[in-house]
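The block underneath contains the structure these notes are about, expressed in structure tokens.
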Number of protein chains: 2
Amino acid sequence: MSTHQGVCCPPVTEAALDLESSQRLATVFATLADPVRLQLFSLIASQTEGSCACDLVDTLKRSQPTVSHHLKTLYQAGLVERQRRGRWIWYTARPEALNEAATLLTC
Amino acid sequence: MSTHQGVCCPPVTEAALDLESSQRLATVFATLADPVRLQLFSLIASQTEGSCACDLVDTLKRSQPTVSHHLKTLYQAGLVERQRRGRWIWYTARPEALNEAATLLTC
DNA sequence: GTGTTATATTGATATTCATCAATATATAGA
DNA sequence: TCTATATATTGATGAATATCAATATAACAC
């Protein structure tokens with residue numbers, strides 16, 4: 001963290017972002033910008049043992065392909081990890097990814 | 001901030017969000033999810049005295065209506081304030097809004 | 001008043017993407 | 001192998017939105 005006019009500033013306000021940095025950061029926010037996907041992430045993150053994908057369709061009231069699509073998006077953004085257990089796949093949150101995003105916004 | 005299984009958790013991971021909460025939070029993230037809009041906000045936030053809208057079109061290399069549209073989005077999301085000075089309108093960042101967003105992500 | 005400049009709005013278009021049905025892939029059990 | 005189940009992928013569609021040209025509004029200078 002550095003300073004700007006004597007006040008501690010997060011990266012977003014410290015200096016103007018160039019287009020490339022903006023694109024990278026915007027991708028993080030875009031991942032959380034869909035309400036269904038955000039709820040999906042919250043569901044997974046609220047269970048320390050993670051969540052079985054088999055349980056998420058019912059809770060979200062979305063089709064299986066839609067849930068699978070959102071899980072893929074979260075995975076590719078580094079927000080969740082996946083682990084196969086037999087026929088099932090369990091997803092767990094990566095809180096580090098959240099911290100990285102928050103670090104961009106605050107000191 | 002409360003705890004979950006003995007570990008301090010931000011709201012997003014503390015408990016599963018319902019759909020309504022997810023929609024509200026997702027709106028905050030969606031505002032920052034466009035690279036041009038994020039860069040625009042960063043430009044404004046990096047100047048403590050704010051930025052004149054008249055200077056932003058050249059920097060962003062977008063049309064005047066496009067910049068105006070993004071400024072409106074930022075304003076409606078509470079991320080910036082506007083102030084008319086003669087023929088010009090100056091925009092300043094509201095860092096509180098950033099803190100609110102970050103608070104959702106971390107302890 | 002007229003003219004000039006700064007910003008906002010309207011309307012149209014193209015792109016992105018959330019969603020689902022259908023299908024494919026993968027794993028376990030018989 | 002065959003069947004059943006869990007998850008992923010493909011393809012199509014509709015909705016949301018980023019973008020711009022044209023126009024409108026607002027404020028100053030004259």
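Protein chains get the first letters and strands the later ones, always in sequence-line order, with residue 1 at the start of each.
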Quiz item: Quick one: CG on B:Leu105 to CG on A:Asn99, what's the gap to the nearest 0.5 Å?
Solution: 9.0 Å
Practice problem: For B:Ser68, enumerate each residue passing the side chain to side chain donor-acceptor pair (under 3.5 Å) test, keeping only those at least two apart in sequence or located in another chain. | Solution: none
Exercise. Check whether A:Tyr75 and A:Leu40 end up in the same hydrophobic cluster, where Ile, Leu, Val, Met, Phe, Trp and Tyr are linked by side-chain heavy atoms less than 4.5 Å apart.
Key: yes
Quiz item: Side chain of B:Thr66, backbone of B:Arg62: donor and acceptor closer than 3.5 Å?
Solution: no
Quiz item: Do A:Val28 and B:Phe41 share a hydrophobic cluster, counting only Ile, Leu, Val, Met, Phe, Trp and Tyr and linking them when any side-chain heavy atoms are less than 4.5 Å apart?
Solution: no
Self-check item: Min side-chain heavy-atom separation B:Arg37-B:Leu32 under 4.5 Å
Solution: no
Practice problem: Tell me which residues in residues 52-62 of chain A put a heavy atom below 4.0 Å from DNA chain D, sorted by number, or none. | Solution: A:Cys52, A:Ala53, A:Cys54
Quiz prompt | Neighbours of DNA chain C within residues 66-84 of chain B, by heavy-atom distance under 4.0 Å | solution = B:Ser68, B:Lys72, B:Arg82
Quiz prompt | Boundaries of the chain B footprint along DNA chain C (any atom under 4.0 Å from a heavy atom) | solution = C:dT4 to C:dT9
Quiz item: What residues in residues 20-38 of chain A put a non-hydrogen atom under 4.0 Å from any atom of DNA chain C?
Solution: A:Asp34, A:Val36, A:Arg37
Self-check item: Contact check, side chains of B:Ser51 and B:Leu56, non-hydrogen atoms, under 4.5 Å
Solution: yes
Quiz item: So do the side chains of B:Thr92 and B:Thr48 get within less than 4.5 Å of each other, counting heavy atoms only?
Solution: no
Quiz item: Checking B:Ser42 side chain against A:Val12 main chain: does a donor-acceptor pair fall under 3.5 Å?
Solution: yes
Exercise. May I ask you to test the A:Glu100-A:Leu104 pair for a side-chain heavy-atom distance under 4.5 Å?
Key: no
Listed pairs under 3.5 Å, donor-acceptor, residues 77-91 of chain A side chains, sequence neighbours left out:
| from | atom 1 | to | atom 2 | distance (Å) |
| --- | --- | --- | --- | --- |
| A:Arg82 | NH2 | A:Tyr91 | OH | 3.1 |
| A:Arg84 | NH1 | A:Gly86 | O | 3.1 |

Quiz item: So do the side chains of A:Leu60 and A:Leu43 get within less than 4.5 Å of each other, counting heavy atoms only?
Solution: yes
